[in-house]
S.K.: 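Please see the structure below; I have some questions.
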Amino acid sequence: MAELTEDEATLAAKFEAEHAAEIAAEKDKKFELTGATADEIAPIAAPPVAAVAAVAEPEKQERLSPLQKVSRLSVGERVKLAMLGNKEERSLLIRDGSRVVYAAVMASPKLTDQEVETIASMKNVQEGVLREVARNRKFIKSYTVMKNLVNNPRCPMDLSLNFIKNLLPPDLKALSMNKGVPETVRKMATRSFKEKTGKEK
């Protein structure tokens with residue numbers, strides 16, 4: 001892990017202190033990857049042979065994939081990594097089944113605008129992740145984030161319907177034809193498109 005700035009370390013410590021009860025309540029919760037594919041599940045389920053072999057040959061410890069490493073951490077360790085780890089680690093931990101872990105990713109001082117845009121369009125995250133994005137004023141100021149949320153089939157409908165009115169006509173037209181989102185969202189997009197342009201689809 002790269003050397004931390006004082007601000008990053010302080011923010012991480014503050015988050016851990018504020019969520020200490022939640023972390024303690026879930027301390028025995030195993031890592032569960034939301035929307036995991038068969039290829040992703042296989043290495044997690046595999047016995048930690050590399051870890052055993054590392055007793056004799058420590059260099060083998062490094063051969064664990066990021067996913068395998070994350071899967072062996074406690075909730076408290078995953079929270080710390082979510083706050084202070086790298087982009088690849090955050091991309092895994094945002095899919096953690098534990099709310100306090102994915103909340104830590106969203107609160108990370110290292111999280112970039114581009115990562116938030118990607119998260120807003122992810123279909124393999126908990127609904128709560130998308131709500132975390134939507135309730136953060138800094139994130140939702142981004143038009144791309146808002147557009148990605150509305151076009152995400154996983155996005156709760158109440159959020160989608162709330163953001164539709166802010167979309168530009170070309171994006172409303174595209175949304176009205178997006179078969180991946182609920183029909184109610186498509187109809188609202190169609191109505192909003194007509195109101196803004198005075199045209200049929």
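As the structure is a computational prediction, the values presented were derived from the model and not from experiment.
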S.K.: So, does R154 use its side chain to make a donor-acceptor pair with the main chain of V125 at under 3.5 Å?
M.R.: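 The answer is yes, because a donor-acceptor pair under 3.5 Å joins these two groups.
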
S.K.: Are R186 and L175 close enough that some pair of their side-chain heavy atoms sits under 4.5 Å apart?
M.R.: no

S.K.: Hey, is the main chain of M188 close enough, under 3.5 Å, to the side chain of S192 for a donor-acceptor pair?
M.R.: no

S.K.: Could you tell me whether E183 atom CD has more than 12 heavy atoms of other residues or ligands within 6.0 Å of it?
M.R.: no

S.K.: Could you go through F15 and V79, starting from their C-alpha distance and side-chain angles, then the distance that decides it, and tell me whether this counts as side-chain contact (heavy atoms from CB on, under 4.5 Å)?
M.R.: CA-CA 9 Å; F15 183 91; V79 165; 3.9 Å; yes

S.K.: Could you check whether D158 pairs with R131 (Lys NZ or Arg NE/NH1/NH2 to Asp/Glu carboxylate O, under 4.0 Å)?
M.R.: yes

S.K.: Are E115 and T112 linked by a side-chain donor-acceptor pair shorter than 3.5 Å?
M.R.: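 Checked: E115/T112 side chains pair up, N/O donor to acceptor below 3.5 Å.
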
S.K.: Establish, from distance only, whether the side-chain atoms of Y143 and D171 form a donor-acceptor pair under 3.5 Å.
M.R.: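 Yes, D171 and Y143 have a side-chain donor paired with an acceptor closer than 3.5 Å.
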
S.K.: Check whether K196 reaches the backbone of K165 with its side chain - one donor and one acceptor, N or O, closer than 3.5 Å.
M.R.: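 Answer holds: yes.
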
S.K.: Report yes or no: does N151 contribute a side-chain atom to a donor-acceptor pair with the main-chain N or O of K147 at less than 3.5 Å?
M.R.: yes

S.K.: More than 12 heavy atoms of other residues, nucleotides or ligands under 6.0 Å from NZ of K87: yes or no?
M.R.: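 Atom NZ in K87 is not crowded, with 12 or fewer foreign heavy atoms closer than 6.0 Å.
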
S.K.: Could you tell me whether a side-chain N or O of S108 sits under 3.5 Å from a main-chain N or O of M83, the two making a donor and an acceptor?
M.R.: yes

